[in-house]
Amino acid sequence: MYQQEKIKPYDHGGEKTRQVEQMFDNIAPSYDKLNHRLSWDIDRGWRKKAIGQLAEHQPRIMLDIATGTGDFAILAARMLHPEKLIGADISEKMMEIGREKVKREGLAQTISFMKEDCMNLSFADGTFDAVTAAFGIRNFQNLDRGLSEMCRVLKPGGQLSIVELTTPVRFPMKQLFRIYSHTILPAYGRLISKDKSAYSYLTATIEAFPQGESMMEILKKAGFRQTAFKRLTFGICTMYSATK
């Protein structure tokens with residue numbers, strides 16, 4: 001078990017998956033505003049880079065894991081023009097917001113949403129040309145199983161693109177990020193989202209999550225090859241790519 005798998009949003013009993021679902025249902029109305037403000041809108045650029053690394057592969061059928069309110073899915077549809085893109089998430093309230101955004105963007109013919117447990121995806125083997133995940137895999141109850149499922153539903157030669165928050169490793173950004181993530185981030189998150197636990201949980205999972213070379217080994221264990229990673233914005237975020 002990896003360290004972040006032991007961390008849960010709330011103190012009460014229940015498995016991590018259900019607690020994460022409850023947390024995202026709770027913060028859904030404020031999620032987009034908080035995401036952009038807490039990252040100073042840099043998260044938009046991170047998403048573009050993660051989608052951009054798929055451009056040469058021209059995926060036609062895509063799956064966006066932990067899609068949330070659909071920002072990554074919408075941007076991927078705009079940039080890559082797939083025939084079909086499914087956004088999968090455990091939080092219905094997050095996806096309700098996503099569906100409205102997709103309608104406003106005129107992308108309802110391309111993007112659809114499905115409630116899915118990433119530990120046990122309902123899709124057949126080899127369904128998708130590309131699988132993506134933005135800021136979601138650290139919430140998996142079982143990282144190995146979740147990544148194995150993402151590999152299973154990819155076609156042979158299919159592409160994986162992940163972007164995830166990570167902890168900087170160099171001075172002074174490492175120290176500055178620690179101060180920010182332990183003070184400003186949880187305080188502002190509590191103020192806007194009204195959830196006392198959600199953004200403290202966020203900080204804890206970022207710090208505990210495997211990153212860099214460690215993630216490369218985990219991806220290979222899940223069945224991927226040609227794994228690579230790139231740190232973005234002084235290591236606050238890391239982009240991963242792999243091939244089935």
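Residue numbers run from 1 in the order of the sequence given.
- T183 contributes a side-chain N or O that, together with a main-chain N or O of I179, makes up a donor-acceptor pair within less than 3.5 Å.
- Cluster annotation: I42 is connected to I206 through the hydrophobic network of ILVMFWY side chains, with a link wherever side-chain heavy atoms come within less than 4.5 Å.
- When every heavy atom of A73 is checked against every heavy atom of I111, the shortest pair comes out as O-CD1, 3.6 Å.
- Contact of the E207 side chain with the R178 side chain is registered, since non-hydrogen atoms from C-beta on lie closer than 4.5 Å.
- The backbone N or O of F209 sits nowhere less than 3.5 Å from a side-chain atom of Q3 that would complete a donor-acceptor pair.
- Scanning both residues, V163 and C237, for their nearest heavy atoms gives CG2-SG, 3.1 Å.
- Applying the salt bridge (charged side-chain N to carboxylate O under 4.0 Å, His left out) rule to pairs touching residues 156-175 yields R138-E164, sequence neighbours excluded.
- Contact of the V131 side chain with the M62 side chain is not registered, since no non-hydrogen atoms from C-beta on lie closer than 4.5 Å.
- Distance check, rounded to the nearest 0.5 Å: CG of L80 to CG of L54 gives 6.0 Å.
- Separating the CE atom in M215 from the CG atom in L147 is a distance of 5.5 Å, to the nearest 0.5 Å.
- Within the 3.5 Å criterion, the main-chain N or O of T17 finds a donor-acceptor partner in the side chain of Q141.
- Rounding to the nearest 0.5 Å places OG of S112 at 8.0 Å from CG of L85.
- L219 places a side-chain heavy atom less than 4.5 Å from the side chain of L160.
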- Query: Hey, mind stepping through T167 and F177 against side-chain contact (heavy atoms from CB on, under 4.5 Å) and telling me if it holds?
  - Reply: CA-CA 7 Å; T167 52; F177 182 76; 4.2 Å; yes

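- When every heavy atom of L143 is checked against every heavy atom of P210, the shortest pair comes out as CD2-CG, 4.3 Å.
- For the pair S241 (side chain) and S161 (backbone), a donor-acceptor distance under 3.5 Å is absent.
- At distances below 3.5 Å, not a single donor-acceptor pair connects side-chain atoms of D89 with backbone N or O atoms of M95.
- The closest side-chain donor-acceptor pair between N142 and Y2, if any, does not fall under 3.5 angstrom.
- Hydrophobic clustering of Ile, Leu, Val, Met, Phe, Trp and Tyr side chains at less than 4.5 Å, counting indirect connections, keeps F135 apart from M150.
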- Verdict with supporting geometry, F140 and Q4, side-chain contact (heavy atoms from CB on, under 4.5 Å): CA-CA 9 Å; F140 283 1; Q4 93 287 343; 5.6 Å; no

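- A salt bridge is absent between E15 and K8; no separation between the charged side-chain nitrogens and carboxylate oxygens falls under 4.0 Å.
- Within the 4.5 Å cutoff, the side chain of Q22 has no heavy atoms near those of the P9 side chain.
- Residue-environment remark: NZ (K93) stays at or below the threshold of 12 foreign heavy atoms within 6.0 Å.
- With hydrogens and angles disregarded, no donor-acceptor distance shorter than 3.5 Å links the side chain of K230 to the backbone of M239.
- At a threshold of 4.5 Å between non-hydrogen side-chain atoms, the residues T69 and F24 do not count as touching.
- The stretch residues 124-137 participates, sequence neighbours left out, in these side-chain hydrogen bond (donor to acceptor under 3.5 Å, both in side chains) pairs: D64-T132, D125-R152, D129-K155.
- The two residues T227 and A242 have their closest heavy-atom pair at CG2-CB, 3.8 Å.
- No single ILVMFWY cluster, assembled from side-chain heavy atoms under 4.5 Å apart, contains both L107 and I86.
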- Task: Applying side-chain contact (heavy atoms from CB on, under 4.5 Å), run through N139 and I90 and close with a yes or a no.
- Result: CA-CA 11 Å; N139 297 311; I90 58 172; over 6 Å; no

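- Across all their heavy atoms, T166 and G235 have their closest contact at OG1-O, 2.9 Å.
- Neither I65 nor I51 shares a network with the other; the hydrophobic side chains, linked directly or stepwise wherever heavy atoms of I, L, V, M, F, W or Y lie under 4.5 Å apart, form separate groups for each.
- In this structure, M216 CE and Q211 CD are separated by 11.0 Å, a value rounded to the nearest 0.5 Å.
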- Message: Run the side-chain contact (heavy atoms from CB on, under 4.5 Å) test on S122 and E116 for me, step by step, so that the C-alpha distance in whole Å, both residues' side-chain angles and the decisive distance to 0.1 Å come before the verdict.
- Response: CA-CA 7 Å; S122 66; E116 292 279 340; 2.5 Å; yes

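- E96 has no carboxylate O lying under 4.0 Å from a charged side-chain N of R99, or vice versa, which leaves the two without a salt bridge.
- Side-chain contact between Y201 and V20 is present, with at least one heavy-atom pair separated by less than 4.5 Å.
- Panel note: side chain E21, backbone S91; no donor-acceptor pair is recorded below 3.5 Å.
- Here the shortest heavy-atom pairing between K48 and L75 reads CG-CD2, 3.6 Å.
- The hydrophobic clustering, which links ILVMFWY residues whose side-chain heavy atoms are closer than 4.5 Å, places V169 and L165 apart.
- If you take CD1 on I137 and CD1 on I218, they are separated by 8.5 Å, rounding to the nearest 0.5 Å.
- Atoms CG and CZ, on D43 and F72 in that order, are 11.5 Å from each other to the nearest 0.5 Å.
- Here the side chains of D32 and K101 are in contact, with some heavy-atom distance below 4.5 Å.
- Electrostatic pairing of E83 and R60 counts as a salt bridge here, judged by a charged N lying under 4.0 Å from a carboxylate O.
- At a threshold of 4.5 Å between non-hydrogen side-chain atoms, the residues N120 and R145 count as touching.
- A donor-acceptor pair is defined here as one N or O able to donate and one able to accept, closer than 3.5 Å; such a pair exists between the side chain of Q19 and the backbone of Y10.
- Residue pairs meeting the ring-ring contact (aromatic ring centres under 6.0 Å, His included) criterion with at least one partner in residues 217-244, sequence neighbours excluded, do not occur; the list is empty.
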